[in-house]
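Presented below is the structure to which this report refers.
The shown structure was predicted, so the numbers you read here are calculated from the model rather than taken from an experiment.
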Amino acid sequence: MEPVPVLALGSSVISAVMEFWLRRQKSRSEPLDQFLDTQVSDPLDRRRLARRVDSLVDTVVASLSADAGYEQLDDDSRARVVNAVRTTLEQASLSPADLKEDADRLLAIIKERAGVTLVFADEQQVYEALLAKTVAVLLTAVAVLPESNPYVVAELLRNGDEIDSVLRARLEELPAAGAGDEAYRLALVTGLDQAEIVGFTLPAALRRFSLSRTYSRPRVTVEREDMPVEWALADFPRLYLTGPAGSGKTALLRWLAVDGARKSLDGLLESHNELLPVYLPGSRLGSAPSEEPRSVVDFVFQYARPSLRESISADALDRRAAQGEVFFLLDGLDEFGQKQLPRIRHWLTQLVQRYPRCRLVVSSRQAAIDPAVLTDLGFAVATLNPFDDAGVADLATRWFNTVGPTVPERVKDRTPVRLGREVVRLIRSSPQLRELATSPLMCTLICGVYLDRGLEWLEGSDIYAAFVEMMIERRDVERGVGRERLPRSLASIFLEDLAGFMLVNGWTEVPRERVLDRLDHTHATLTKPAPDPYEILDSLLVESGVLVEPERGRIRFLHLTFLEYLAAQNFLHNDEIDRMIERAHEPLWRATLVMAVGQARHRQGDRLVSALVERAQRDVPRRATLVGLLEECVRSAHRLDPVLRDRVDDLRDRLALDVDEGRPPWQLWLSTSDRAVSDSLTSWLLAEPALRREGGPVFAEGQRGRERPAPPGMVFCLSLAAGGPILIGDLVTAITAWQAARPGNDRVESTLVVPEAGVTIRISSEPSPR
């Protein structure tokens with residue numbers, strides 16, 4: 001293709017992107033060149049800025065020039081096509097609001113405003129393909145550029161190379177524009193590969209990112225067998241994918257659609273690249289049709305992306321599906337509501353019967369749909385497994401590798417692997433974060449918060465408030481799921497009361513009928529109208545996802561952390577300090593009390609800690625358990641009277657001295673006297689779930705019972721008193737994990753001495769590679 005016409009088209013694309021990027025500072029009537037000149041006074045910086053813009057134009061031109069569809073035209077025809085696309089784009093006069101639409105909608109807007117018809121059919125065909133590709137390039141560039149802010153010009157000067165590099169990589173992933181289903185594949189990638197953390201305030205660069213680049217493949221359980229998701233997709237032609245809110249169902253189906261559209265699926269899924277991925281989102285399935293479809297193909301066209309109908313005829317789609325060449329992905333059946341279930345089941349049955357050779361994946365949150373509805377149609381049920389440490393590390397590394405280049409000022413020369421390792425250590429050191437990170441949604445959010453706000457913001461109770469708010473109100477609203485919702489104020493009342501009720505009774509999972517009875521009890525205390533308990537439970541299960549139904553008729557909270565947090569809120573709001581102190585020694589209450597101290601107002605927090613200190617002083621049999629809890633509470637509190645902190649320190653030291661003579665404290669020796677190292681190990685062991693089950697360990701500095709000499713190479717001793725029986729193997733495993741998670745060159749050895757067992761264990765590990 002001649003360079004001049006496509007260069008002009010590339011300039012038009014970048015001009016539209018810059019108008020979007022500068023929308024908060026520049027009026028639309030002001031010429032772009034003039035505006036940039038006024039923003040940069042230094043002549044050298046103006047030349048640098050011009051080169052940055054030219055580089056972006058070159059990147060766009062390279063993408064628009066790469067498609068083979070042009071080769072069927074001579075030079076004059078190519079020039080006419082390119083000029084027609086540029087004229088169409090300029091006459092459409094796109095606004096910033098237009099550029100927030102998806103590819104299908106934006107393409108329709110452009111054609112409504114400035115469609116062009118060329119004389120020759122072959123030119124018109126290439127024009128349609130190039131216009132679709134131009135829209136895809138335009139939206140990809142909009143997604144890559146940083147969020148609009150008062151310093152965007154300076155940001156382009158400072159980070160232009162990184163921005164251009166990310167844009168080039170994203171454009172290279174777009175499918176080629178051409179005839180047949182390629183325009184649909186292009187629209188699918190453009191529309192679905194943009195992942196976003198919804199329901200939480202983060203900079204756009206951290207909230208929006210490439211789904212396919214950050215996607216970490218999960219494991220699933222099918223017929224009681226744990227397996228990689230690729231095995232399940234390869235082995236079962238019809239798969240019903242289920243799991244709680246935030247477990248990654250939508251991400252999985254969108255990843256399949258995007259990589260299938262690119263024909264880049266690998267391994268066991270490589271054969272799926274020959275199939276046409278047809279993605280049907282539940283949010284569209286939930287909209288009532290103006291006219292009932294007359295056939296299965298009409299049903300598919302009604303809910304698929306509009307570009308599917310424009311790219312392939314009904315007869316061609318029917319023929320390909322009958323031959324098994326289509327991969328149907330029905331995402332979020334729970335989002336269309338119970339009233340639509342019979343209708344959707346009818347069309348799903350028709351889909352299976354009409355196209356028995358096609359592969360289908362259907363997803364839904366747990367409790368929304370009876371699995372029998374789909375197993376009767378030959379679907380295997382696959383439940384998404386929680387993330388393990390390897391899954392967390394893989395997701396974190398992929399996410400930082402993708403997002404890091406867009407925010408170099410936050411990365412600060414740390415590699416994605418190093419950032420991922422930091423997040424894994426952070427998650428492993430916090431039992432609450434460990435629970436949350438089993439969900440891909442929560443794990444991604446933890447990465448975003450860590451990069452944006454740092455370690456401190458993940459150490460307090462505020463993060464749980466944000467997570468709960470996201471789940472019970474903001475997530476489905478921001479995802480565009482347009483149902484009438486239970487107000488957050490009401491949802492919080494019912495959830496807090498249910499959490500307190502469950503904790504008081506020692507339950508983490510309860511029968512549905514008992515939950516309904518409790519919701520009915522809470523309902524009777526309200527002074528304003530509210531839905532009946534059945535509607536409330538349906539809302540909390542299906543819409544918010546804070547509650548889940550892992551098996552029919554059994555209800556629990558999505559994470560134990562949510563139960564603990566909401567129960568703490570309930571007890572604080574009811575000022576039930578005595579109840580919390582009375583049950584403080586029970587393992588299930590430990591995290592709730594820690595969260596209550598972290599959330600309490602200053603004086604209320606002092607009252608909680610003071611009451612806990614008094615109980616620890618008088619309850620000698622449970623003193624070790626209570627002192628361990630006090631240490632966590634002090635770490636959680638935002639403010640605490642210094643006198644109380646001193647009382648907690650005195651209790652801790654006394655505990656190590658007051659152990660019965662027949663059972664002296666265990667000793668944990670370190671090969672370093674660095675206080676930061678001992679604090680790190682102490683925090684790690686206090687947070688280890690296997691050690692907290694029976695009350696947890698308590699540490700005091702300095703060797704108690706000095707008749708024993710220091711083991712060879714050891715210089716610092718922590719005396720350890722347990723609040724209950726701790727298995728030596730669990731303690732050694734926890735120390736080994738701590739050593740493995742430390743930076744590669746920061747090697748620390750330790751020795752565990754268990755006097756009553758006559759055991760001395762030296763614990764060392766090879767430094768992990770950077």
Side-chain angles (χ1 to χ4, degrees), residues 192-193 195-198 209-260 264-270 272 277 279 282 327 329-334 359-366 368 371 374 379-402 420 423-424 427-428 433-448 471 475 479 545 548 550 558-559:
L192 298 184
D193 196 32
E196 182 169 9
I197 302 174
V198 296
F209 43 86
S210 167
L211 180 144
S212 58
R213 282 174 168 266
T214 58
Y215 189 69
S216 179
R217 303 181 189 186
R219 299 182 69 86
V220 296
T221 298
V222 185
E223 299 175 354
R224 299 185 178 181
E225 183 179 354
D226 175 76
M227 64 182 70
V229 71
E230 304 96 295
W231 291 15
L233 290 165
D235 289 348
F236 299 98
R238 299 175 197 160
L239 203 63
Y240 171 38
L241 187 72
T242 186
S247 59
K249 301 178 299 298
T250 292
L252 173 57
L253 266 68
R254 290 177 64 171
W255 166 70
L256 287 170
V258 168
D259 274 21
S264 59
L265 293 168
D266 55 15
L268 292 174
L269 301 181
E270 188 173 1
H272 289 56
Y279 178 79
F327 188 15
L329 303 163
L330 281 71
D331 180 22
L333 294 192
D334 53 295
R359 290 186 168 272
L360 286 89
V361 179
V362 174
S363 75
S364 171
R365 295 183 193 178
Q366 292 170 332
L374 293 170
F379 283 83
V381 179
T383 303
L384 279 167
N385 294 345
F387 263 17
D388 55 14
D389 280 356
V392 170
D394 182 58
L395 185 148
T397 302
R398 288 173 180 272
W399 192 85
F400 286 122
N401 192 50
T402 301
V423 167
V424 170
I427 290 171
R428 290 212 56 193
L433 289 182
R434 246 183 274 181
E435 286 288 330
L436 291 173
T438 58
S439 157
L441 169 68
M442 299 299 180
C443 186
T444 304
L445 182 54
I446 290 168
C447 291
M471 298 301 295
R475 183 166 181 259
R479 288 173 64 204
V548 295
L558 173 61
H559 288 286

task: State, to 0.1 Å, how close Ala437 and Val392 come at their nearest heavy-atom pair, and which atoms those are.
output: O-CG2, 3.7 Å
Residue list, side-chain contact (heavy atoms from CB on, under 4.5 Å) with Ala380, at least two apart or on another chain: Val222, Phe236, Leu239
- prompt: Which atoms form the tightest heavy-atom contact between Cys443 and Leu395, and what is the distance?
  reply: SG-CD2, 3.9 Å
- prompt: Taking all non-hydrogen atoms of both residues, which atom of Ala257 and which atom of Leu192 are closest, and how far apart?
  reply: CB-CD1, 3.8 Å
Test item: Thr397 side-chain N/O and Asp394 main-chain N/O as donor-acceptor pair under 3.5 Å: no
message: I need the minimum non-hydrogen distance between Gly260 and Pro277, along with the two atoms involved.
response: C-CG, 3.9 Å
field: Side-chain heavy-atom pair Phe327, Leu360 within 4.5 angstrom cut-off
entry: no
- line: Closest heavy-atom pair, Ala251 versus Leu211, reported as atoms and distance to 0.1 Å, is O-CD2, 3.9 Å
query: Do Asn385 and Asp226 come within less than 4.5 Å of each other through their side chains, counting heavy atoms only?
result: yes
- prompt: With a 4.5 Å limit on heavy-atom distance, are the side chains of Tyr215 and Arg398 in contact?
  reply: no
task: Check whether any side-chain heavy atom of Val362 lies under 4.5 Å from a side-chain heavy atom of Leu241, and answer yes or no.
output: no
- line: Rounding to 0.5 Å, atoms CG (Leu253) and CG (Leu330) come to a distance of 8.5 Å
field: Least distance between heavy atoms, Gly391 atom then Ser216 atom
entry: O-OG, 3.8 Å
query: Can you tell if the side chain of Leu233 reaches within under 4.5 Å of the side chain of Leu268, non-hydrogen atoms only?
result: no
- request: Only counting residues at least two apart or in another chain, list the ones meeting side-chain contact (heavy atoms from CB on, under 4.5 Å) with Asp259.
  value: Ser212, Trp255, Arg262, Ser264, Leu265
query: Side-chain contact, heavy-atom cut-off 4.5 Å: Trp399 with Asn401?
result: no
query: If you look only at pairs with a residue in residues 227-239, which of them pass as a salt bridge (charged side-chain N to carboxylate O under 4.0 Å, His left out), with sequence neighbours excluded?
result: Arg217-Glu230
message: Apply side-chain contact (heavy atoms from CB on, under 4.5 Å) to residues Lys249 and Leu252 and explain how you reach the verdict.
response: CA-CA 5 Å; Lys249 301 178 299 298; Leu252 173 57; 5.9 Å; no
- request: Could you grab the distance from atom CG of Leu329 to atom CZ of Arg359, nearest 0.5 Å is fine?
  value: 11.5 Å
query: So do the side chains of Arg219 and Val229 get within less than 4.5 Å of each other, counting heavy atoms only?
result: no
message: For Tyr279 and Leu256: C-alpha separation, side-chain torsions, deciding distance, then whether side-chain contact (heavy atoms from CB on, under 4.5 Å) applies.
response: CA-CA 9 Å; Tyr279 178 79; Leu256 287 170; over 6 Å; no
message: Among Thr250, Thr242, Asp331, which residue satisfies the side-chain hydrogen bond (donor to acceptor under 3.5 Å, both in side chains) criterion with Ser363?
response: Asp331
message: What I'd like to find out is whether the side chain of Thr221 reaches to under 4.5 Å of the side chain of Glu225, using heavy atoms alone.
response: no
